[in-house]
Amino acid sequence: MSIRKSLKKVLPPISVTEQEALDAGDIWLEASIYQGKPDMQALRAIPQAKLSADEQAFIDGPVQELLGLIDDFELANGKHIPDEILAFLKKHRFFSMIIPKKFGGLEFSPYANSTIVATIAAKSGAIAVTVMVPNSLGPGELLMHYGTKEQQDYYLPRLAVGDDIPCFALTSPEAGSDAGGIPDAAIVTKGEWEGKEVIGLKVSWDKRYITLAPIATVLGLAFKVFDPDQLLGEKLELGITCALLPKSHPGVELGNRHDPMGQRFYNGTTRGNDVFIPMDFIIGGQKNIGRGWQMLVSCLGAGRGISLPAMGVATGQAALKASAEYSFVREQFGLPIGRFEGIQGKLADIAGKTFLLESMRVLTTEGLGLGLKPSVVTAIAKYHMTELGRDVMNSAMDILAGKAIQRGPQNTLSGGYSSLPIAITVEGANILTRNLMIFGQGAMRCHPYLKEMVDLIHSDDHSADGEFNKVLKKTVSFSVKNAFRSLGKSYMPFLRGAESALPEVTKYEKRLNALSAKLAPMADLSLAVLGGDLKKAELLSARLGDVMSYLYGAMAAIRFYEQRVEDRKLAQPYFEYAMEWTLQQAEQALVDFIGNFPNTATRGLMRLLTCTYTNSVSGISDKLSCELALASMQDNSIKAQLTHLVRPVAGDGNDINEQAFKAKHAVAHLLGKVQKALRKEPVIPFLSFENALNKLQERGVVTAQEAEMLHDYNEKRKLAVRVDEFNFDLEPLSQEKSDSSAKKDAA
């Protein structure tokens, strides 16, 4: 028996939905990482994404105006998105960022789409989700790529101006991650449509978690099609199909709502029972029956690569802005809390990871802007960027402490904290994305021969043995080269190349190249030893996916540092923390992978090939953490660049915090003078800062102008550190009333 036939008996079959997922999308930079040779030249040659004049004008105009309309605290306490906001979104075509201009859409780039969604998300998760869904996986995207001309000409102009609001229904109570197992079904049958008997589909469905369903006017629907009477041919089961149904169509039920973490975007259910639809309702027409899953997976890039990562970045930038400004303004024991090392550890982690988040956002959208649909990269972006958002938000909540947990208009973190689980969960729950998708797709797509080999193994062509043997020889040769490359770069550091002209980048580029060289033989050995069982060994394969993911993040950070930052000297501690952290995570994943590999002999060989042992993990020094924490509290270009998605509106929490932050920087030299004078000759009794300042002015320590600046700062400081107050029935108190209450309590 041939090797191919022996393997065919051992390897599990690949389902149709798995095969379509593997065939969908493009490979990009991740392939070079997987193969042990990160393509830094290709990385540096990618055209930089920039906002066009129209895109910048949209952000400075309608987006900024929208932020002024949003009161996220009021929205969270209400039941519905205000009509004026929905009308504004429709009027200014927020739902048409991906729709071509010829259909009345904005036709913005992926980079602009991401920037807009993230800017809105930094203010309100609910409104961001409302905007992102029509610009993500759904009817608009599917129509553009697969719709008939008649469908495009009718629906796209209506979607562009908001005459129609779309939703797309895939998930059902019985099928979440296993989307291929959806029970929703359609039977090919004859029925009456527009006074004529036609061949169509009788569809029954029960869907949940469908964003915008309660207010949608047009429903995108995925279901399986069966043809028991063989009206369309000999096949009985025709496969997953996508259709577009008007809400007004008889039998369509839309309306019931879920309550996702108190976020007031519209999310709910849709149902229908034996609803007859004509073939014209199928996206792309009758010829696309059975192509639904292929259509869906090829269009996932926007949701996974743009929308949900944008929420992670928005969370990071909001957390950095809030925690850095509060750490500088808030004082305890006579010092800004950002001077205490316990705070500095958290603050540095927020700053470094926010640098990484913005780097990954830019690189991923630049790839999408090239017209690519890199399924592995977008899965990496979705999983790691939403998880990083959760990390930095938790750290920011720790730093702001009591101020972070008291809800109210001035709280800039609570909305993001509540919406984080949503980004973690949707478009493929993160557990699924990490454990099944990243390495599962990555191995099949990025290995130069594996997919061809697997296809040949499962082929029913009896003449495939010869072709299989040729591919097998290439695979063995590839694996041997990987092993020797790993040996060389693991034990002989001088073989680790780097192309950067910047010495601070070179050292990290060499480490990145060495880790990538180690990844390749680990993947080869895993596939050779475990074969099809690697698919079930999710904890193992996820760690290989982590190595690939963190190295992609490291490449993004290098590109961002080299090409995007305005002042590298200011940005260097951010960059170094991001690189140290990503490479540390990759090293730890490799150590854990080898340590848990089930075959003892192979485990030893892996350690030998990669020089990887339990102590093969670098650490982030306390010195770097303290340096970055202090740097993040400065008011400079890199801090502005890493918080640019947070756009304060006059009087909101971000505006209040920013004013106090800038005011303190403006009087920092005067505060030093005041502290020195008080140490030399204290004001006793020290009733308040205001009283002490007046005494110092009387003594001539500060001038009237200096005292005015200090009083102005102090008022802004008090406003920034306060929290919202409510009466017994949780009705908000005005600023004057809460100040009066505080004075009575003090008395």
Side-chain angles (χ1 to χ4, degrees), residues 7 10-11 30-38 376 380 434-436 438-450 453-454 472 474-497 510-554 582-619:
L7 288 172
V10 175
L11 290 179
E30 73 279 15
S32 68
I33 298 171
Y34 179 92
Q35 294 173 20
K37 299 177 290 184
V376 177
I380 288 171
R434 175 177 180 258
N435 289 275
L436 290 178
I438 294 175
F439 183 76
Q441 282 189 312
M444 292 293 284
R445 298 304 308 277
C446 299
H447 193 290
Y449 310 114
L450 184 60
M453 182 184 290
V454 172
L472 180 60
K474 292 179 182 178
T475 303
V476 172
S477 175
F478 174 74
S479 298
V480 171
K481 289 178 182 177
N482 286 341
F484 278 108
R485 184 189 305 111
S486 179
L487 275 168
K489 294 193 175 183
S490 296
Y491 293 95
M492 292 175 277
F494 61 87
L495 293 178
R496 302 169 188 173
K510 289 180 177 180
R511 285 175 62 189
L512 189 159
N513 284 328
L515 278 165
S516 177
K518 295 178 182 184
L519 170 64
M522 295 305 94
D524 292 343
L525 284 168
S526 302
L527 291 164
V529 175
L530 298 180
D533 288 340
L534 184 59
K535 181 179 177 181
K536 302 173 187 175
E538 295 176 18
L539 294 175
L540 279 178
S541 62
R543 292 184 181 110
L544 290 179
D546 285 346
V547 177
M548 187 161 62
S549 299
Y550 289 120
L551 296 186
Y552 173 77
T582 51
L583 296 177
Q584 178 194 64
Q585 300 305 304
E587 290 165 352
Q588 187 65 59
L590 202 58
V591 167
D592 292 343
F593 172 80
I594 295 175
N596 286 280
F597 199 82
N599 185 292
T600 303
T602 307
R603 197 160 58 241
L605 179 58
M606 288 176 171
R607 287 202 170 104
L608 174 65
L609 289 175
T610 63
C611 191
T612 297
Y613 301 93
T614 54
N615 63 347
S616 301
V617 180
S618 58

Quick one: closest heavy-atom pair of [X] and [Y], and the distance?
{"X": "Arg603", "Y": "Gly595", "value": "CD-O, 4.0 Å"}
{"X": "Ala586", "Y": "Leu515", "value": "CB-CD1, 4.1 Å"}
{"X": "Ile33", "Y": "Leu519", "value": "O-CD2, 3.9 Å"}
{"X": "Asn596", "Y": "Asp592", "value": "ND2-O, 2.7 Å"}
{"X": "Ala554", "Y": "Leu583", "value": "CB-CD2, 4.3 Å"}
{"X": "Ile380", "Y": "Tyr552", "value": "CG2-CD2, 4.0 Å"}

Can you measure from [atom1] ([X]) to [atom2] ([Y]) and round to the nearest 0.5 angstrom?
{"X": "Phe478", "Y": "Leu450", "atom1": "CZ", "atom2": "CG", "value": "10.0 Å"}
{"X": "Leu436", "Y": "Glu538", "atom1": "CG", "atom2": "CD", "value": "4.5 Å"}
{"X": "Tyr550", "Y": "Gln588", "atom1": "OH", "atom2": "CD", "value": "10.5 Å"}
{"X": "Leu590", "Y": "Gln585", "atom1": "CG", "atom2": "CD", "value": "13.0 Å"}
{"X": "Leu540", "Y": "Asp533", "atom1": "CG", "atom2": "CG", "value": "11.0 Å"}
{"X": "Asn599", "Y": "Leu605", "atom1": "CG", "atom2": "CG", "value": "9.5 Å"}

### Ser549: partners by side-chain hydrogen bond (donor to acceptor under 3.5 Å, both in side chains), with sequence neighbours left out
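side-chain hydrogen bond (donor to acceptor under 3.5 Å, both in side chains) list for Ser549, sorted by chain: His384.
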### Query
In terms of the angle between their ring planes, are Tyr34 and Phe439 parallel, tilted or perpendicular, with boundaries placed at 30° and 60°?
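Aromatic pair Tyr34/Phe439 classed tilted.
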Donor-acceptor pair, side chain of [X] and main chain of [Y], under 3.5 angstrom:
{"X": "Gln441", "Y": "Val376", "result": "no"}
{"X": "Ser477", "Y": "Lys474", "result": "no"}
{"X": "Asn513", "Y": "Arg496", "result": "no"}
{"X": "Ser486", "Y": "Pro521", "result": "no"}
{"X": "Arg543", "Y": "Ala589", "result": "no"}

### Task
Please step through side-chain contact (heavy atoms from CB on, under 4.5 Å) for the pair Ile438 and Asp546, ending with a clear verdict.
CA-CA 8 Å; Ile438 294 175; Asp546 285 346; 5.8 Å; no
### Query
Given the rule in the side-chain contact (heavy atoms from CB on, under 4.5 Å) test, do Met606 and Phe593 qualify, once you have shown the distances and angles that lead to the verdict?
CA-CA 10 Å; Met606 288 176 171; Phe593 172 80; 3.7 Å; yes
### Query
Heavy-atom distance under 4.5 Å between the side chains of His447 and Gln35, does that happen here?
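No. Closest side-chain heavy atoms not under 4.5 Å.
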#### Entry: Non-hydrogen side-chain atoms of Met522 and Thr610 separated by less than 4.5 Å
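Yes. Closest side-chain heavy atoms under 4.5 Å.
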### Task
Could you please spell out the steps behind the side-chain contact (heavy atoms from CB on, under 4.5 Å) verdict for Val591 and Tyr613?
CA-CA 6 Å; Val591 167; Tyr613 301 93; over 6 Å; no
### Query
Arg511: what forms a salt bridge (Lys or Arg N to Asp or Glu O under 4.0 Å) with it, not counting sequence neighbours?
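Once residues adjacent in sequence are excluded, the partners of Arg511 under the salt bridge (Lys or Arg N to Asp or Glu O under 4.0 Å) criterion are Glu580, Glu587.
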### Query
What pairs of residues pass the side chain to side chain donor-acceptor pair (under 3.5 Å) test when at least one of them lies in residues 515-526, not counting sequence neighbours?
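Every pair satisfying side chain to side chain donor-acceptor pair (under 3.5 Å) with a residue in residues 515-526: Ser479-Asp524, Asn482-Asp524.
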### Query
Passes side-chain contact (heavy atoms from CB on, under 4.5 Å), Tyr491 versus Leu608? Steps please.
CA-CA 10 Å; Tyr491 293 95; Leu608 174 65; 4.0 Å; yes
